[in-house]
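In what follows, chains are A, B, ... by sequence order, proteins preceding strands, each numbered from 1. Because the structure is predicted, anything quoted here is derived from the model rather than measured.
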There are 2 protein chains.
Amino acid sequence: MIGVNEGPPANARRRPATLHDVARAAGVSYATASRALNGSDRTVRAENVARVHAAAAQLGYSPHLSAQAIARGSTSTAALVVSDVDDPYFSSIAAGVTEAAEAAGLIVTMAIADRSPDLELQIVRSLRGQRPRAIVIAGSRIAGTETRAELIDELTAYRTAGGRVALISQHDLPFDTLCIDNHGGARRLALALAEQGHRTFAVIHGSDSIRTSHDRRAGFLDGLRQAGLTVDPRYSIEVPFTRDGGAAGARALLARGVEEVDVAFAVNDTMAIGAMTVFRDAGLTPGADIGVAGFDDIGSAVDVVPALTTVRIPLRELGQAAMRVALADDAAGIVQIPTEVVLRDSTPLRPRPGRS
Amino acid sequence: MIGVNEGPPANARRRPATLHDVARAAGVSYATASRALNGSDRTVRAENVARVHAAAAQLGYSPHLSAQAIARGSTSTAALVVSDVDDPYFSSIAAGVTEAAEAAGLIVTMAIADRSPDLELQIVRSLRGQRPRAIVIAGSRIAGTETRAELIDELTAYRTAGGRVALISQHDLPFDTLCIDNHGGARRLALALAEQGHRTFAVIHGSDSIRTSHDRRAGFLDGLRQAGLTVDPRYSIEVPFTRDGGAAGARALLARGVEEVDVAFAVNDTMAIGAMTVFRDAGLTPGADIGVAGFDDIGSAVDVVPALTTVRIPLRELGQAAMRVALADDAAGIVQIPTEVVLRDSTPLRPRPGRS
DNA sequence: TGTGTGACGGAATACGATTTCCGTGCAGGT
DNA sequence: ACCTGCACGGAAATCGTATTCCGTCACACA
């Protein structure tokens, strides 16, 4: 090894100061330095405490968290897995999760599964090695993937070893889960729209294998049924679960003719916003020529024109709650997160004139 | 201690399997197990490799990353500090940073500084203890805070110990920095708007102590000057650097009278979007009655109505570049990230009729 | 058959902390 | 003056893993 201990070469690369260095600089033992720095139950003479602190500051000492983790047998990190941070839905959740973690004095390590169940599994595997205090997973579970069993195994092993798990919106896994009332929210939205006088609907949705998409669509159809309405299969359009998917859905709808459609419901806001842009580009004014509704109430839903009718989820609070559930001592089971219909200008009070 | 080793209680809480357990189960020493699992230069008989792997799988073994970090003397994590994930600007950067880190096989730990320099400093201090391979900081440096010197100390200590640092958009700190051409972009935007025939401008900006805000405003004024124009001090409005700040700025502007204003330039897109909403609520159609321009080109800039004129920053690529710079062996100094003016419908081709 | 050599397993040590255990010195009580 | 107990410092064990070093065994070669 070169450069390990051939005198202090001014500002050259040095290995970080260890507790040992601090102790030597302060003229005390190892153990005393440790006790002085993290105030154990043992008392250390005030003078020594001061000298240790001074030495630590002077050497720029920062305790090696990994070493602490080993010695203490527990870490001070929490892990978060999201599908995509660059999506307002997940970034709001991530903000909440991080907030709660930091409030509990934990560092959060975040991983992005890029909407891939395989990657998600791989991430959880690797995360487990970190021995985080808790793992929170926010993602769109894909039904019927063969990674499901493996993911359960992995998380079970983690929990058996004392870890805590909280899931967001994946109610078919056997762990504490924060469930968004997707079905109920969509159902109430449908009822509210029917109440407004709308009669003909289109649904722009993702694959049914994505639980969230499936539940919202099913809830919406349920609500319509309750109001004595249905959706013409021609107007039920499956596209990717993203903004561009929403745009594609709108284009498909235009191709099939939308004269009769009162409101197009997209199963999330970003899809709805993508659809609105396409409608507008095609010469249809959203909110006047065609109604549009979404789900989530992301931040930009109010800044879009017309403001988007949607179903509000308290995303940030949801994230906080998830971390708190994960950190709590007792199992929480399934926690229902209520949703709230928010009617805005994208669905006019009455359907366009000249309709039944 | 209870439950440490009183026999295997079925599914009860167990400590995680260690390498030692695996070795015992496989009937080899743990040196051999270690070699079998992470394929060292030493060869291990194929039969033993197989048995170790089988035992590991059966026990659900996952190596203790902290222990590895200590033994190897280096970790496999990278750290990211952002001001606020729940802001499209930062979340796009975070997505890029994470992408690049994962490509390099690193786990990323993310912390949120909540736009507070104090918190940022505290975070860096704590992060240093993690011994990450690199630290990337994306934030709006506040000029003249007394935490500056301490932050430099902390990062210098980190670098001296072999860590790598990359900063995004904080060109006055002595570390590798990815610099957005805020001044140039804003200047070219001003020129482009002048070219379109606009003459009277308002600027909605944040505090000058926020470098980004300052530079964009200064660049914009420079561009106007170059075109022989100025901004009436009455139309230069300082507000918080957020969406609601932008909205407040628009309200202030309305209060001062905006009949003469051709274009209101807000120093970032979220502020611009907040302002547009306020203008519209006041009965002024953005893009027709008053032009609006922003900066960043966040995703929703195209979905807003009218689509927002702005200055595009390749945010995701910026994040990737930052992590790559941090991970590279040689110092990069200052890397300029080019910006590009994007004219959209929020600034009409010609100012409203009836004007000079 | 003796010997050099390569393959491979295991004991021991290192990594940077925390924590237990032991020993010392000093104060106070009788 | 002696014993007890407390305050405190330091040596050593410990955590889980990587790695160096040493020893053994088998095989090939002369």
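Only one option out of B:I152, B:D153, B:L151 pairs with B:L155 in a side-chain contact (heavy atoms from CB on, under 4.5 Å); it is B:L151.
Map A:G27 and B:S62 each onto its nearest nucleotide of DNA chain D; the residue landing nearer the 5' end is A:G27. Mapping B:A31 and B:S66 onto DNA chain D by nearest heavy atom places B:S66 closer to the 5' end of the strand.
Of the side-chain N and O atoms in B:S34, one or more sit less than 4.0 angstrom from OP1 or OP2 of D:dA18. The phosphate of C:dC8 (OP1 or OP2) has no side-chain N or O of B:N48 nearer than 4.0 angstrom. Taking side-chain N and O atoms only, B:T43 has no distance below 4.0 Å to OP1 or OP2 of C:dA7.
The closest donor-acceptor contact from the side chain of B:R133 to the backbone of B:T75 lies under 3.5 Å. A donor-acceptor pair is defined here as one N or O able to donate and one able to accept, closer than 3.5 Å; such a pair exists between the side chain of A:Q170 and the backbone of A:G139.
Under 4.0 Å is where a charged nitrogen must lie from a carboxylate oxygen, and between A:D21 and A:R15 at least one such pair does. A salt bridge is defined here as a Lys NZ or Arg NE, NH1 or NH2 lying under 4.0 Å from an Asp or Glu carboxylate O, and B:E150 with B:R125 meets this definition. Salt-bridge annotation for B:R316 and B:E99: present, with a side-chain N of the basic residue lying under 4.0 Å from a carboxylate O of the acidic one. Classification of B:D329 and B:R164 as a salt-bridged pair fails, no side-chain N sitting under 4.0 Å from a carboxylate O.
Note: CD1 (A:I70) to P (D:dT17) measures 8 Å, nearest angstrom. Straight-line distance from the CZ atom of B:R35 to the P atom of C:dA11: 11 Å, rounded to whole Å. Per the geometry, CD belonging to B:E47 stands 12 Å off P belonging to C:dC8, to the nearest Å. Between the CZ atom of A:R15 and the C1' atom of C:dC15 there is a distance of 11 Å, rounded to whole Å. Rounding to whole angstrom units, CD of residue B:Q68 and P of C:dG16 are separated by 16 Å. For the pair B:R24 CZ and C:dA11 P, the interatomic distance rounds to 13 Å; values are reported in whole Å. The separation between B:H64 atom NE2 and D:dA18 atom P is 12 Å, rounded to whole Å. Look at OH on A:Y61: it is 10 Å from P on C:dG16, rounded to the nearest Å.
Listed candidates were D:dA18, D:dG9, C:dG9. Nearest to the side chain of B:V44 is C:dG9. Residue B:R45 has its side chain nearest to C:dC8 when only D:dA18, C:dA17, C:dC8 are considered.
Side chain A:Y30 to base C:dA17: a donor-acceptor pair is found below 3.5 Å. No donor-acceptor contact under 3.5 Å links the side chain of A:R131 to the base of D:dT17.
Contact check of residues 16-23 of chain A against DNA chain D (heavy atom, cut-off under 4.0 Å) returns no residues at all.
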